[in-house]
Student: 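The structure follows.
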Amino acid sequence: MSASTIPLAHGIASEDWAQPYHGTVGMLCLIVAESAIFTIFVIAYLFYIGKSVSGPQPRQVLELPIFNTVCLLSSSFTIWLAERGLKRGAMGAFSLWWALTIVLGGIFLGGTALEWQKLIYHDGLKISTNLFGTTFYSLVGLHARHVIIGLTMLSIVFIFALAGKLKSEHSRQLEALSLYWHFVDGVWVVVFTVVYIIGR
């Protein structure tokens, strides 16, 4: 009797187990790899803090990008709301929150562009000016490139939504994309802390 119950129990356990969605697994692997790259850039920035022999220095030119930071971190909440809307089949709510996520990311990117314009043309800080300029533009620029990639993907999804090609059954694919966006937001917390708080 016990021998006959073993295959049955094994069969039930096998049916209960589900293979993780490959898109989520792939995105998590990408995030791990990207985290390693950001770690190298952050360590380099920390290593060269205060070692520039010429100006300008961080405390002389950097201002806290509070508004930009609030916008970017808020976009993690709006993309979560968009996900919820898609799962419920509420396409209007999804489109609204997804569009707002794109707008908030765009504001952050625009703020970064304005900051760089000031640093380059007003303060004379270029990537070749000193060690601070090299590490600053490398680290902040790396993050900005990830924001651009994220906004591009979000915009493509939004176009599909406007065309009526997006349905609630696509929620798992968008969850994987949302993971990337949350990663971009999380990395900014580290970059903000290192560059604008510790580095100053």
Student: Would a hydrophobic clustering, with Ile, Leu, Val, Met, Phe, Trp and Tyr connected at side-chain separations under 4.5 Å, put Leu179 with Val32?
Tutor: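 Different clusters: Leu179 never reaches Val32 through Ile, Leu, Val, Met, Phe, Trp or Tyr contacts under 4.5 Å.
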
Student: Side chain of Thr129, backbone of Gly124: donor and acceptor closer than 3.5 Å?
Tutor: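 Yes, the answer is positive, given that a donor and an acceptor are paired below the 3.5 Å cut-off.
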
Student: Within a radius of less than 6.0 Å around OH of Tyr196, do more than 12 heavy atoms belonging to other residues, nucleotides or ligands occur?
Tutor: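 Enclosed.
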
Student: Might you point out which heavy atoms bring Trp188 and Pro65 nearest each other, and give the distance in Å?
Tutor: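 Residues Trp188 and Pro65, closest heavy atoms: CZ2-CG, 4.1 Å.
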
Student: Honestly curious: do Leu81 and Val70 fall in one hydrophobic cluster under the side-chain, below-4.5 Å linking rule?
Tutor: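 No; Val70 is not reachable from Leu81 via cluster members.
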
Student: Membership question, hydrophobic clusters at under 4.5 Å side-chain separation (ILVMFWY): are Leu109 and Ile156 in the same one?
Tutor: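 No, Ile156 and Leu109 fall in different hydrophobic clusters.
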
Student: Please find the pair of heavy atoms, one from Ala44 and one from Thr135, that lie closest to each other, and give the distance.
Tutor: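 The answer is O-CG2, 4.3 Å.
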
Student: Is a side-chain N or O of Arg200 found less than 3.5 angstrom from the main chain of Leu62, in a donor-acceptor match?
Tutor: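 The answer is yes, because a donor-acceptor pair under 3.5 Å joins these two groups.
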
Student: For Val157 and Phe94, what are the C-alpha separation, side-chain angles and deciding distance, and is it a side-chain contact (heavy atoms from CB on, under 4.5 Å)?
Tutor: CA-CA 11 Å; Val157 170; Phe94 166 80; 4.1 Å; yes

Student: Which atom names give the shortest non-hydrogen contact between Met91 and Leu166, and what distance separates them?
Tutor: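 The pair with the smallest heavy-atom distance is CE-O, 3.4 Å.
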
Student: Verify the neighbour count for atom CZ of Arg84: are there more than 12 heavy atoms of other residues, nucleotides or ligands below 6.0 Å?
Tutor: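 Check fails, neighbour count at 12 or below.
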
Student: Mark yes or no for whether Lys118, through its side chain, and Val61, through its backbone, hold a donor-acceptor pair below 3.5 Å.
Tutor: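 Looks like yes, one N/O pair under 3.5 Å.
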
Student: With a 4.5 Å cut-off on side-chain heavy atoms, are Asp185 and Val189 touching?
Tutor: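 Side-chain contact under 4.5 Å: no.
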
Student: With rounding to the nearest 0.5 Å, note down the distance linking CD1 in Ile148 to CE in Met153.
Tutor: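 Result: 12.0 Å between the selected atoms.
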
Student: Heavy atoms only: give me the nearest Ser76-Ile79 pair and the separation to one decimal.
Tutor: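 Heavy-atom minimum between the residues: O-CG2, 3.3 Å.
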
Student: To the nearest 0.5 angstrom, please state how far the OG atom of Ser75 sits from the CZ atom of Phe108.
Tutor: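 That separation rounds to 9.0 Å.
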
Student: Looking only at non-hydrogen atoms, find the nearest pair between His182 and Glu83 and report the distance.
Tutor: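 Nearest heavy atoms, His182 then Glu83: NE2-OE2, 4.2 Å.
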
Student: Do Val103 and Leu174 belong together in a cluster built from hydrophobic side chains that touch within less than 4.5 Å?
Tutor: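 Looking at the clustering, Leu174 is in a separate group from Val103.
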
Student: Report yes if some heavy atom in the side chain of Val190 is under 4.5 Å from a heavy atom in the side chain of Val194; otherwise report no.
Tutor: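 Sidechains of Val194 and Val190: in contact.
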
Student: Quick one: are Phe41 and Val140 in side-chain contact, heavy atoms under 4.5 Å?
Tutor: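 They are not in side-chain contact.
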
Student: Does any part of the side chain of Glu34, heavy atoms only, come nearer than 4.5 Å to the side chain of Leu30, both counted from C-beta?
Tutor: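 Sidechains of Glu34 and Leu30: in contact.
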
Student: Report yes or no: do Ser178 and Trp80 form a side-chain donor-acceptor pair below 3.5 Å?
Tutor: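 Per modelled atom types, Ser178 and Trp80 side chains form no pair under 3.5 Å.
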
Student: How are the rings of Phe132 and Tyr45 set relative to one another: parallel (under 30°), tilted (30 to 60°) or perpendicular (over 60°)?
Tutor: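 Phe132 vs Tyr45 ring planes: perpendicular.
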
Student: When you look at Arg172 and Lys87, which way does the side-chain contact (heavy atoms from CB on, under 4.5 Å) test go after all the steps?
Tutor: CA-CA 9 Å; Arg172 287 206 303 177; Lys87 288 178 181 177; over 6 Å; no

Student: Grab the two heavy atoms, one from Gln57 and one from Gln60, that are nearest each other, plus how far apart they are.
Tutor: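 Scanning both residues, the minimum pair turns out to be N-OE1, 2.7 Å.
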
Student: For residues Phe67 and Ile107, determine if any side-chain heavy atom of one lies less than 4.5 Å from a side-chain heavy atom of the other.
Tutor: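 Heavy-atom side-chain distance check passes, below 4.5 Å.
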
Student: Check step by step if side-chain contact (heavy atoms from CB on, under 4.5 Å) holds for Ile102 and Phe158.
Tutor: CA-CA 9 Å; Ile102 295 173; Phe158 188 63; 3.9 Å; yes

Student: Just by modelled atom types, is the Val187 backbone N or O under 3.5 Å from a matching donor or acceptor in the His143 side chain?
Tutor: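 Checking the backbone N and O of Val187 against the side chain of His143, no donor-acceptor pair under 3.5 Å is found.
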
Student: With a 3.5 Å distance limit and no angle check, can you tell me whether Tyr180 reaches the backbone of His146 through a side-chain donor-acceptor pair?
Tutor: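 Yes, Tyr180 side chain to His146 backbone: donor-acceptor pair under 3.5 Å.
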
Student: What I'd like to find out is whether the side chain of Phe136 reaches to under 4.5 Å of the side chain of Leu119, using heavy atoms alone.
Tutor: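 A side-chain contact exists here, since the closest heavy-atom pair is under 4.5 Å.
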
Student: Are Trp181 and Met27 connected in the hydrophobic side-chain network, where two residues link if heavy atoms are under 4.5 Å apart?
Tutor: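 Same cluster: Trp181 reaches Met27 through Ile, Leu, Val, Met, Phe, Trp or Tyr contacts under 4.5 Å.
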
Student: Side chains of Trp116 and Tyr121: closer than 4.5 Å at any heavy-atom pair?
Tutor: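 A side-chain contact is absent here, since even the closest heavy-atom pair is not under 4.5 Å.
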
Student: Yes or no on side-chain contact (heavy atoms from CB on, under 4.5 Å) for Leu96 and Leu100, after CA distance, side-chain angles and deciding distance?
Tutor: CA-CA 6 Å; Leu96 173 64; Leu100 186 54; 5.7 Å; no

Student: Establish, yes or no, whether the cationic atom of Lys51 lies under 6.0 Å from the six-membered ring centre of Phe47 and within 45° of the ring axis.
Tutor: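 Verdict for Phe47: a cation-pi partner in Lys51.
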
Student: Less than 4.5 Å apart, any side-chain heavy atom of Leu72 and any of Leu104?
Tutor: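 Heavy-atom side-chain distance check fails, nothing below 4.5 Å.
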
Student: Test your reading of the model: is there a side-chain donor-acceptor pair from Trp98 to the backbone of Leu154, 3.5 Å cut-off?
Tutor: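 Pair found, side chain donor or acceptor close to backbone of Leu154.
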
Student: Where the side chain of Asn130 meets the backbone of Ser54, is there a donor-acceptor pair that is under 3.5 Å apart?
Tutor: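 Answer holds: yes.
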
